[in-house]
Amino acid sequence: MIRVRQVKVNIENDSINNIKIQTAKKLNIKPSDILNIKINKQSIDARHKPEIYFLYEVDVTCNNESNILRKNKSNDILIKPNEEYKINVSGTKKLEKLVVVGAGPAGLMNAYILASLGYKPLVIERGKKVEDRVKDVEEFFKTGILNTNSNVQFGEGGAGTFSDGKLNTMVKDKEHRCKFIFKTLVECGAPEDILYAAKPHIGTDLLRNVIINLRNKIISLGGEFRYNTCLTDINIINNEVSSIIVNNSEKIKCNCLVLALGHSSRDTFKMLYEKKLDMEAKPFAVGIRIQHPQSMINMSQIGVEKHEKLLNQSYKLTYQTSKKRGVYTFCMCPGGYVVNSSSENNMTCINGMSNHARESGNANSAIIVTVNSNDFGNNPMDGINFQRELEKKAYEIGEGKIPTQLYGDFKNNKITKEFKEVKPKFKGDYKFANINDILPNYITEALIEGIENFANKIKNYNREDAIISAVEARTSSPIKIIRDDLCQTKIVGIFPCGEGAGYAGGITSACMDGLKVAEGIVNIYNTPNI
């Protein structure tokens with residue numbers, strides 16, 4: 001099979017037949033010589049907008065492939081590489097019981113691959129199964145009454161369940177974990193285009209069913225799930241995990257424990273710190289969310305306000321301030337909503353989400369500023385305390401609602417009285433407030449300098465009536481739990497995993513780390529039936 005890169009097709013004539021014709025031209029063969037064609041990657045070329053092209057990477061089966069490869073010396077034409085993900089059991093230690101803590105992306109993917117190998121994991125989740133969790137979240141959006149164990153942060157599927165379901169990642173993937181993950185998600189009901197789209201996404205509405213189907217796969221392979229089951233203590237004998245305590249009462253024996261915690265599991269982090277697990281403070285970022293008309297973003301990215309063949313467009317912007325602070329956009333949600341994503345009483349934090357259709361009319365993105373131990377301290381728990389202080393201020397100033405302000409008023413340090421052309425799209429109630437009273441001066445100064453710079457890249461990004469909200473404080477985990485090359489801590493049998501443990505930053509990278517931790521486990525433990 002031959003891989004062909006940079007196959008250019010006008011978006012107005014985008015069909016598999018035309019892709020085949022353009023591929024044949026690159027190979028200097030007839031279209032009829034191509035026996036089979038499969039899209040491997042697709043991206044958008046809008047450098048000469050409004051003329052828009054798709055760029056494809058395709059895998060083809062042809063007549064006389066050896067002759068084609070011999071005659072074509074282009075870097076865009078090569079033998080299709082082997083991209084199969086492999087994991088082999090080589091461990092010899094007896095596995096008594098494997099427990100995975102957390103049913104977010106890392107925990108689910110870790111449990112799935114281990115279940116497929118015969119390890120029969122028990123997955124415990126402090127929140128509810130996704131069907132029931134959705135009801136609690138909708139109730140919170142309507143009433144403001146928070147369930148501290150079932151919310152946007154906690155519950156089956158993790159925080160990513162109420163997001164755009166974005167799957168793009170910058171993590172290098174020599175082991176081909178990503179392809180395996182996407183194939184698994186498609187088998188569970190995700191759109192097939194995630195296998196090749198340059199910026200794959202599922203959408204929060206579709207992601208829920210994907211999670212249910214993945215759960216059922218794990219159960220069919222011998223796995224087990226327990227909800228409303230919170231890890232509250234770990235029993236350690238001779239430097240090895242022997243059992244865990246859940247809900248402060250029940251003991252579960254295990255000698256292999258995967259800590260696939262979310263980045264908001266603050267009470268669990270405190271318990272682990274007190275159990276003397278090695279952990280360190282980690283830099284992260286905090287800031288706001290900003291809303292613009294989606295049509296404005298589309299015009300900047302593709303030259304039209306809406307294209308019938310394209311979903312609403314996204315963006316990614318970065319800047320370093322004059323004081324050497326990093327400012328960047330994060331978790332950009334085309335056609336999305338700003339969401340009250342609080343998980344602790346008397347604290348407010350926000351996130352963004354989109355459905356698969358990205359249909360709200362607004363684009364929103366976090367704009368965040370890097371912070372480190374110089375800002376909040378060197379103790380592993382100091383970053384959490386810093387987050388909590390910001391979220392407590394946001395709660396007080398917003399009176400439990402999402403603090404909201406026009407960008408022009410934010411610059412002028414005054415409270416907004418009404419919206420203008422840009423109308424808000426929220427999940428959860430909002431209140432006009434002065435966000436300057438929530439964030440430290442060095443954060444607000446960096447935000448303003450960054451937003452003004454971003455207007456050089458996206459016209460009118462700094463428009464006075466753009467809507468900003470606070471506080472975006474859960475961008476990544478503020479701690480890292482130290483592990484070795486096999487992903488194990490100094491305490492034998494404990495395996496930190498995913499975003500909460502400090503090893504991922506999104507759905508895909510968390511899933512990839514779930515697989516990486518599984519690879520460490522199968523190098524140590526054998527399956528329980530051997």
Can you confirm whether N235 sits close enough to V241 that some side-chain heavy atom of one is under 4.5 Å from a side-chain heavy atom of the other?
no
Rounded distance [0.5 Å steps], CG in L439 versus OG1 in T444
7.0 Å
Side-chain heavy-atom pair I234, I245 within 4.5 angstrom cut-off:
no
Give me each pair satisfying salt bridge (Lys or Arg N to Asp or Glu O under 4.0 Å) with a member in residues 332-354, each pair once, sequence neighbours excluded.
R266-E344, E344-R388
Sub-3.5 Å donor-acceptor pair from the side chain of D513 to the main-chain atoms of S509, do we have one?
no
Are the side chain of S477 and the backbone N or O of H263 linked by a donor-acceptor pair below 3.5 Å?
no
Can you find a heavy atom in the side chain of N351 that is under 4.5 Å from one in the side chain of C331?
yes
Which pairs count as side-chain hydrogen bond (donor to acceptor under 3.5 Å, both in side chains) when at least one residue sits in residues 89-115, sequence neighbours excluded?
S90-N523, K93-E240
When you measure from the side chain of R226 to the backbone N and O of L122, does any donor-acceptor pair fall under 3.5 Å?
no
What class does the angle between the rings of F225 and Y227 fall in, given that below 30° is parallel, 30 to 60° is tilted and above 60° is perpendicular?
parallel
In terms of heavy-atom contacts, T348 and P403 come closest through CG2-CD, 4.3 Å
Derivation of the side-chain contact (heavy atoms from CB on, under 4.5 Å) call for Y328 and L317
CA-CA 6 Å; Y328 58 99; L317 303 168; over 6 Å; no
Nearest 0.5 Å, what's the CD1-CZ distance between I415 and F410?
13.5 Å
Report the residues that fulfil salt bridge (Lys or Arg N to Asp or Glu O under 4.0 Å) with K393, sequence neighbours left out, ordered by chain and then residue number.
none
Residue pairs fulfilling side-chain hydrogen bond (donor to acceptor under 3.5 Å, both in side chains) with at least one residue in residues 181-198, sequence neighbours excluded:
E187-K217
What one should report as the nearest heavy-atom pair of E472 and I368 is CG-CG2, 4.0 Å
Which residue pairs satisfy the side-chain hydrogen bond (donor to acceptor under 3.5 Å, both in side chains) criterion with at least one member in residues 368-377, sequence neighbours excluded?
R325-D375, S373-N378
Which residue pairs pass the ring pair (Phe, Tyr, Trp, His ring centres under 6.0 Å) test with at least one member in residues 170-190, sequence neighbours excluded?
Y85-F180
Using the ring-ring contact (aromatic ring centres under 6.0 Å, His included) criterion, which residues pair with F284? Sequence neighbours excluded.
F376
Rounded to the nearest 0.5 Å, what's the gap from SG on C256 to CG on L95? Could you check?
6.0 Å
Test your reading of the model: is there a side-chain donor-acceptor pair from N147 to the backbone of N149, 3.5 Å cut-off?
yes
Could you go through the side-chain hydrogen bond (donor to acceptor under 3.5 Å, both in side chains) check for D136 and S150 one step at a time?
CA-CA 6 Å; D136 290 335; S150 181; 2.7 Å; yes
Please tell me if the side chains of I211 and L214 come closer than 4.5 Å, counting only heavy atoms from C-beta onward.
no
Less than 4.5 Å apart, side chain to side chain, heavy atoms only: is that true for I443 and V371?
yes
Enumerate the salt bridge (Lys or Arg N to Asp or Glu O under 4.0 Å) contacts for residues 141-157, please, sequence neighbours excluded, ordered by first and then second residue.
E156-R215
Under a 4.0 Å threshold between the charged nitrogen and the carboxylate oxygen, would R177 count as salt-bridged to E175?
yes
List the residues meeting side chain to side chain contact (heavy atoms under 4.5 Å, CB included) with A115, not counting sequence neighbours, and say none if there are none.
P121, I218, L221
Can you list every pair that meets salt bridge (Lys or Arg N to Asp or Glu O under 4.0 Å) and has a residue in residues 487-508, with sequence neighbours left out?
D278-K490
Contact summary for A394 and V471, nearest pair of heavy atoms
CB-CG1, 3.9 Å
Any L167 side-chain heavy atom under 4.5 Å of I202 side chain
yes
How far does NZ of K427 sit from OG1 of T204, to the nearest 0.5 angstrom?
9.5 Å
Could you walk me through whether R474 and S264 satisfy the side-chain hydrogen bond (donor to acceptor under 3.5 Å, both in side chains) test, starting with their C-alpha distance in whole Å, then the side-chain angles of each, then the deciding distance to 0.1 Å, before giving a yes or no?
CA-CA 7 Å; R474 312 275 185 98; S264 298; 2.5 Å; yes
Could you pull out the closest heavy-atom pair between I467 and K423, with the gap in Å?
CD1-C, 3.7 Å
Nearest heavy-atom pair of V338 and I402: which atoms, and what distance?
O-CD1, 4.4 Å
Which atom names give the shortest non-hydrogen contact between G493 and Y525, and what distance separates them?
CA-OH, 3.4 Å
Taking NZ, NE, NH1 and NH2 as the nitrogens, is one of them in K275 or D233 under 4.0 Å from a carboxylate oxygen of the other?
yes
Between E280 and K480, does at least one N-O distance fall below 4.0 Å, as a salt bridge requires?
no
Between the side chain of Q153 and the main-chain N/O of S343, is any donor-acceptor distance below 3.5 Å?
no
Does P440 reach the side chain of L390, with side-chain heavy atoms less than 4.5 Å apart?
yes
Would you say that more than 12 heavy atoms from the other residues, nucleotides or ligands in this model lie under 6.0 Å from the CG of D484, or not?
yes
Spacing of L108 atom CG and I181 atom CD1 [to the nearest 0.5 Å]:
12.0 Å
D382 (side chain) donor-acceptor with N379 (main chain) under 3.5 angstrom
yes
Given 3.5 Å as the limit, does a donor-acceptor pair link the side chain of Q387 with the main chain of C349, or not?
no
Cation-pi between R483 and Y503: NZ/CZ under 6.0 Å from ring centre and within 45° of the ring axis?
yes
Side chain to side chain contact (heavy atoms under 4.5 Å, CB included) partners for E139, two or more places apart
T143
Evaluate the criterion side-chain contact (heavy atoms from CB on, under 4.5 Å) for residue pair V137 and V339; output intermediate values, then yes/no.
CA-CA 10 Å; V137 170; V339 176; 6.0 Å; no
I'd like to know if the side chain of S360 and the backbone of G335 have a donor-acceptor N/O pair within less than 3.5 Å.
yes
For N362 and Q291, test the side chains for any donor-to-acceptor distance below 3.5 angstrom and give the result as yes or no.
yes
Is a side-chain N or O of H292 found less than 3.5 angstrom from the main chain of N364, in a donor-acceptor match?
no
Quick check: does any side chain N or O of T416 sit under 3.5 Å from a backbone N or O of Q405, one acting as donor and the other as acceptor?
no
Over 12 non-hydrogen atoms of neighbours within 6.0 angstrom of NZ in K392:
no
Test salt bridge (Lys or Arg N to Asp or Glu O under 4.0 Å) applied to D429 - qualifying residues, sequence neighbours left out:
K401
Just wondering, do P200 and N168 contact through their side chains at under 4.5 Å, heavy atoms?
yes
